[in-house]
Protein chains: 2
Amino acid sequence: MASTLGAADPVPASASTAASAAASAPASAPTLTERSRQKADRRAAILGAAATLFAERGYAGVTIEDLGAAVGVSGPAVYRHFPGKAAVLAAILQGASQTLLDGAERVLGEAPDAAAMLRSLIAHHVDFALGDADVILVQDRELEQLDLGARHEVRLLQRRYVEHWVDVLSRLRPDRAEAELRFRAHAAFGLLNSTPHSARIPGRRPADGTIRGILEEMAWASLMS
Amino acid sequence: MASTLGAADPVPASASTAASAAASAPASAPTLTERSRQKADRRAAILGAAATLFAERGYAGVTIEDLGAAVGVSGPAVYRHFPGKAAVLAAILQGASQTLLDGAERVLGEAPDAAAMLRSLIAHHVDFALGDADVILVQDRELEQLDLGARHEVRLLQRRYVEHWVDVLSRLRPDRAEAELRFRAHAAFGLLNSTPHSARIPGRRPADGTIRGILEEMAWASLMS
DNA sequence: CCCCGATGTTAGCGAGCACTCACCGACATG
DNA sequence: CATGTCGGTGAGTGCTCGCTAACATCGGGG
């Protein structure tokens, strides 16, 4: 769950004003004190709990008090880790987009040909959708709650992610226009991201191992049809 | 946009306490006075505006004042048509589910065989998704904002809708388990409902007539793969 | 060992908002 | 024409919630 923007850096920047701060630790290493590790844990815990709560009750349906209570602290302690409620949401969405993009670029580097690339992209996306269902829900539901800056950054990451799909697809189907391939990619995302939504529908669904195969099959068939 | 529940009946129930109310009009006819027609128009206008606003800013991001202002009245006038903000959302979601279900049952009656049925179901769903994009967005985003009663009713309608799909699919692919077909149907909904989401993504998309064909092709391919 | 900074707590403020109330004009009915 | 009802308004109310302020506590580096 990496975060770029957000004004709340996970690395403690103690004595940042002093120019002679090169004493305690090598400047490149993030100063592994006990205090900072606990802080990082708290931050991660808040993000995880927030993703679940936002997915369940919506961004507006969760209070700062809820966020703190979910990790054992109460109310305004959250402000020690995030500058505000919106920043928590921003960190979740940026982390998700970054993770998705990084993973895509990783698997693309390992695939021998275009077909394998598409298979890898699909498999990786399924991984994410099944593993971080909460984040998926929040992702395509609360994006417009973000302020313009953060929303723009998330959009940028998403756009780069989509372009990887379009690149691979245009190698497999050079006869099709880019606009169509981009549209098909978005539709496939809708298909793959449906699991978090249908998860709360009553009708019992297939075993978790089976789901994976079905989703990959459907995504491939729809994209290449 | 029919509404069953909601405690706000579109038919004026004036003098409902009097037992001798069989004077002015036939009891079955809804008393077509000018006043009641305007009221029905207002109600419909509020519902339409609310769908757009909820889709744009989320249920919690829209105030009762906004709802009134969108149709030219201000603030509490909305309470003359709906008992509260939640009732507006409930009417939208119930209307959507009902419309979708009615349309499905209509097209199913006109199709000669199972393959035509599936084609019709897909085409009808695409119609709805492209025509009422706002409602689609609200549908799969704000369902849990409803109170338990209304949510249950919407779930019931949705369930019946899905069962129509499962029925048709099981006639086309009797080798597959019902649970898998239901899961595939939900995934296809995710695919078809993706257009309202991707509509606000920057990358230019194909012409509106082309989209229809692509979506139908993808849905069919994914379901029958 | 001691002091500084960082993390947490409780109390409280101020804004936004759903909803109510008292009142008004207009339309349909007897 | 008189009247009761209905749709609309402006002011007001109480509550929720994001966020701040002032104070307690503790870990860790000089």
Side-chain angles (χ1 to χ4, degrees), chain A residues 7-18 20-25 31-43 45-46 50 53 57-69 71-89 145 147, chain B residues 7-18 20-25 31-46 50 53 57-89 145 147:
Chain A
D9 39 9
V11 176
S14 55
S16 59
T17 55
S20 61
S24 56
T31 325
L32 275 120
T33 163
E34 182 61 23
R35 207 64 169 243
S36 72
R37 230 188 49 79
Q38 283 184 345
K39 184 182 177 78
D41 286 356
R42 265 286 146 74
R43 188 188 153 90
I46 292 175
L53 288 172
R57 314 210 288 261
Y59 174 72
V62 177
T63 72
I64 291 279
E65 180 89 21
D66 293 334
L67 256 44
V71 298
V73 302
S74 223
V78 177
Y79 288 95
R80 300 294 181 190
H81 302 272
F82 297 93
K85 191 185 174 187
V88 180
L89 180 63
Q145 304 290 341
D147 58 292
Chain B
D9 39 11
V11 176
S14 56
S16 60
T17 57
S20 61
S24 57
T31 323
L32 276 122
T33 163
E34 182 61 21
R35 202 70 165 240
S36 71
R37 231 188 48 80
Q38 282 185 344
K39 185 183 175 77
D41 285 355
R42 264 287 146 74
R43 187 188 153 90
I46 293 175
L53 288 173
R57 316 211 287 261
Y59 173 74
V62 177
T63 74
I64 291 281
E65 180 88 20
D66 294 334
L67 255 45
V71 299
V73 301
S74 223
V78 177
Y79 289 96
R80 299 295 181 192
H81 303 272
F82 297 93
K85 192 184 174 186
V88 180
L89 180 63
Q145 305 289 342
D147 57 292

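First the proteins, then the strands, lettered A, B, ... as listed; each starts at 1. This one's a predicted model, so the numbers in the text were calculated from it and none came from an experiment.
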4.5 Å side-chain heavy-atom contact, A:Leu89 and A:Lys85: no
With heavy atoms under 4.0 Å as the rule, sort B:Val88 into base, sugar-phosphate or nothing. nothing
Nearest-Å distance, CD (A:Gln145) to P (D:dG18)? 12 Å
What is the distance, to the nearest angstrom, from the CZ atom on A:Arg80 to the P atom on D:dA21? 11 Å
Ignoring the backbone of A:Tyr79, work out which of C:dG25, D:dT20, D:dT9 is nearest its side chain. D:dT20
Expressed as a whole number of angstroms, how long is the span from B:His81:NE2 to C:dA18:P? 17 Å
Where do A:Gly75 and A:Ile64 come nearest, in terms of heavy atoms and distance? O-CG2, 3.7 Å
Shortest non-hydrogen contact from A:Lys39 toward A:Arg80: NZ-O, 2.9 Å
Counting only heavy atoms not in A:Arg57, do more than 12 fall under 6.0 Å of its CZ? yes
Short question: side chain of B:Asp66, backbone of B:Thr63 - any donor-acceptor pair under 3.5 Å? yes
When you measure from the side chain of A:Lys39, which nucleotide among C:dT20, D:dC6, C:dT7 comes out closest? C:dT7
Just to be sure I understand the rule, does A:Gly84 reach a base, reach only the sugar-phosphate, or reach nothing, if contact means heavy atoms closer than 4.0 Å? sugar-phosphate
Please state how far atom CD in B:Glu65 lies from atom C1' in D:dG12, giving the value in whole angstrom units. 14 Å
Out of D:dG7, D:dT9, D:dG18, minimum distance to the side chain of A:Thr63 belongs to D:dG18
Rounded off to whole Å, could you give me the CZ-to-P distance for the B:Arg35 and D:dT3 pair? 18 Å
Here the distance between atom P of C:dA26 and atom CD of B:Gln38, to the nearest Å, is 13 Å
Within the 4.0 Å heavy-atom criterion, would you say B:Val62 contacts the bases, only the backbone, or no part of the nucleic acid? sugar-phosphate
For atom OH of A:Tyr59 and atom P of D:dC17, their distance in whole Å: 13 Å
What integer distance in Å separates B:Ile64:CD1 from D:dT9:C1'? 16 Å
Taking the nucleotide of DNA chain C with the closest heavy atom to each, which residue, B:Lys85 or A:Pro76, is nearer the 5' end? A:Pro76
